[in-house]
Amino acid sequence: MRFSVNIPNFGDFADPRNVATVAVAAEQAGWDGLFVWDHVLHRRHQGRPFGDPWMLLTAAALATSRIRLGPLLTPVPRYRPEQLARQVATLDSLSGGRVIFAAGLGGPIEDEYRSFGDAAEPPVLAERLDEGLELLRRFWSGEPVDHRGGHYEARDVTLLPASVQQPGPPVWIGGFWPRRSPMRRAARWDGAVPLFETARHGQVPDAAEVRDLVDFVRKHRTAEAGRPFEFVLGGATPLNAARAKDVIGPLHDAGATWWDERQLQLGPDLDRLPPVLRRIEAGPPVI
């Protein structure tokens, strides 16, 4: 099982230098990944400074050499696919092929889309997400792309450099369980990053629900899906190693392959560097 740290892109973490500090601490303490939120506007946290996630991840990549890096998660329909493909491929090159790309509709939808006059109907956003993901994978190949779809168009476009990882960085898909559509989408890609209706961000999900989700996704995986598939769960673990094992062990047994630590995400310290750094320096859980 692998372990990552999850931080917002606002507050103290709007500063790329602080994110670089977190990344170095995570790498030195033995964590396997660092993931950053991708929000332009989140009214619940308005009044705080927000940083661009790609600038933050660039700072993290320059300061480290081992840990995996990426957004968790990027709302693909909020971007132009060609712009997003460039950003991800550049970060993949800079980091030496360490990017993991987690994607979804994002949210809050009203904040991130309608506030800027964009469409906010979930079916339309889902169409843009699926079409955008397919275009990203084609753009990352470095081969010519011709595409005319329901939402995007590309006329004999070749984007170079290609991503270091081929056929592209691993793509993880986020969504709420037990909603089936996001997890069917995840089954077509490289990983699932579920939130649960019964366990929101920062809360530990029930192992029985995790087992149901894992069974559902595996049932919908296709034979041609050649890369390893990751089940990424998150929440807060106690610093006591034995108690942490009691939390994560059943989830690992149910099929989880990554644990994303969200120790302070629901409290007043979620965007403050000192308490987050203390948790990171204590190291990942042991199971």
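Here the structure is a predicted model, which is why all the values come from computation and not from measurement. We use all heavy atoms of the structure for the numbers below, so side chains are in, but hydrogens, waters and symmetry mates are not.
The two residues Pro49 and Ala14 have their closest heavy-atom pair at O-CB, 3.5 Å. Minimum heavy-atom separation, Trp54 to Pro71: CH2-CG, 3.7 Å. Between Pro194 and Val232 the shortest heavy-atom distance is CD-O, 3.2 Å. Minimum heavy-atom separation, Pro284 to Ala29: CD-O, 3.3 Å. Listed here is the closest heavy atom pair of Arg68 and Gly97: NH2-O, 4.0 Å. Of all heavy-atom pairs between Pro182 and Gly174, the closest is CB-O, 4.0 Å.
Here the side chain of Trp31 pairs a donor or acceptor atom with the backbone of Ile280 at under 3.5 angstrom. In terms of modelled atom types and a separation under 3.5 Å, the side chain of Asn9 and the main chain of Gly51 share a donor-acceptor contact. Using a distance-only test at 3.5 Å, with no hydrogens or angles considered, a donor-acceptor pair links the side chain of Glu27 to the main chain of Ser65. Although no hydrogens or angles enter the test, the distance criterion places a donor-acceptor pair under 3.5 Å between the side chain of Arg221 and the main chain of Ala187.
Looking at heavy atoms from C-beta onward, Arg188 lies in side-chain contact with Asp130 at the 4.5 angstrom threshold. When side chains are defined from C-beta on, Glu261 counts as touching Pro285, because their heavy atoms get closer than 4.5 Å. You'll find the side chain of Arg43 reaches within 4.5 Å of the side chain of Ser115, heavy atoms only. In this structure, Trp140 and Val171 have side chains that are in contact, with non-hydrogen atoms separated by less than 4.5 Å. You'll find the side chain of Asp271 stays beyond 4.5 Å of the side chain of Asp12, heavy atoms only. Looking at Val210 and Phe196, their side chains come closer than 4.5 Å, going by heavy atoms from C-beta outward. Counting heavy atoms from C-beta on, the side chains of Leu69 and Thr64 come closer than 4.5 Å. Trp177 is listed as a side-chain neighbour of Asp212, based on a closest heavy-atom distance under 4.5 Å.
Taking CD from Glu112 and CG from Leu105, the interatomic distance works out to 11.5 Å, rounded to the nearest 0.5 Å. Between the CD atom in Glu127 and the OH atom in Tyr152 there is a gap of 10.5 Å [rounded to 0.5 Å]. With values rounded to the nearest 0.5 angstrom, Thr158 atom OG1 is found 10.5 Å from Arg138 atom CZ. In this structure, Leu251 CG and Thr257 OG1 are separated by 11.5 Å, a value rounded to the nearest 0.5 Å. Atoms CZ and CG, from Arg262 and Leu233 in turn, are 8.0 Å apart once rounded to the nearest 0.5 Å. Taken from OG1 in Thr74 to OH in Tyr79, the straight-line distance is 5.0 Å, to the nearest 0.5 Å.
No option in Leu84, Leu72, Leu73 other than Leu84 meets the side chain to side chain contact (heavy atoms under 4.5 Å, CB included) test with Phe101. When Gln165, Arg98, Gln87 are each tested for a side chain to side chain donor-acceptor pair (under 3.5 Å) with Asp92, only one passes: Gln165.
For the residue pair Ser4 and Asp32, no side-chain donor N or O sits within less than 3.5 Å of a side-chain acceptor on the partner.
For the pair Arg137 and Asp190, the salt-bridge criterion is met [side-chain N within less than 4.0 Å of a carboxylate O]. Taking the charged nitrogens against the carboxylate oxygens, Asp118 and Arg78 have no contact shorter than 4.0 Å, which rules out a salt bridge. Residues Arg278 and Asp269 are not paired through a salt bridge, judged by the lack of any N-O separation under 4.0 Å between the basic side chain and the carboxylate.
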Begin from the C-alpha positions of Leu136 and Val88 and carry the test side chain to side chain contact (heavy atoms under 4.5 Å, CB included) through to its verdict. CA-CA 9 Å; Leu136 287 173; Val88 176; 5.8 Å; no

Yes or no on side chain to side chain contact (heavy atoms under 4.5 Å, CB included) for Phe139 and Arg86, after CA distance, side-chain angles and deciding distance? CA-CA 8 Å; Phe139 285 144; Arg86 284 282 197 207; over 6 Å; no

Do Trp259 and Val204 pass the side chain to side chain contact (heavy atoms under 4.5 Å, CB included) test, and can you show the C-alpha distance, the side-chain angles, and the key distance before you say yes or no? CA-CA 10 Å; Trp259 175 259; Val204 178; 4.0 Å; yes

For Met183 and His220, what are the C-alpha separation, side-chain angles and deciding distance, and is it a side chain to side chain contact (heavy atoms under 4.5 Å, CB included)? CA-CA 9 Å; Met183 293 304 107; His220 287 83; over 6 Å; no

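Between Trp37 and Phe10, the distance from one ring center to the other falls under 6.0 angstrom.
Under the 4.5 Å side-chain heavy-atom criterion for ILVMFWY residues, a single connected hydrophobic cluster contains both Val5 and Val247. Both Leu277 and Val19 belong to a common hydrophobic cluster when Ile, Leu, Val, Met, Phe, Trp and Tyr are linked at side-chain heavy-atom distances under 4.5 angstrom. Linking ILVMFWY side-chain heavy atoms closer than 4.5 Å, directly or via other members, places Leu135 and Leu125 in two distinct hydrophobic clusters. Cluster membership for Leu129 and Val40, using ILVMFWY side-chain heavy atoms within less than 4.5 angstrom, is not shared. Connection of Phe216 to Trp189 is established within a shared hydrophobic cluster, with ILVMFWY side chains joined at heavy-atom distances below 4.5 Å, either directly or through further cluster members.
Not counting sequence neighbours, Arg180 has no partner by the salt bridge (Lys or Arg N to Asp or Glu O under 4.0 Å) test.
Within a 6.0 Å radius of CZ in Arg66, other residues, nucleotides and ligands contribute more than 12 heavy atoms.
Between His45 and His42, the ring-plane angle classifies as tilted under the 30° and 60° cut-offs.
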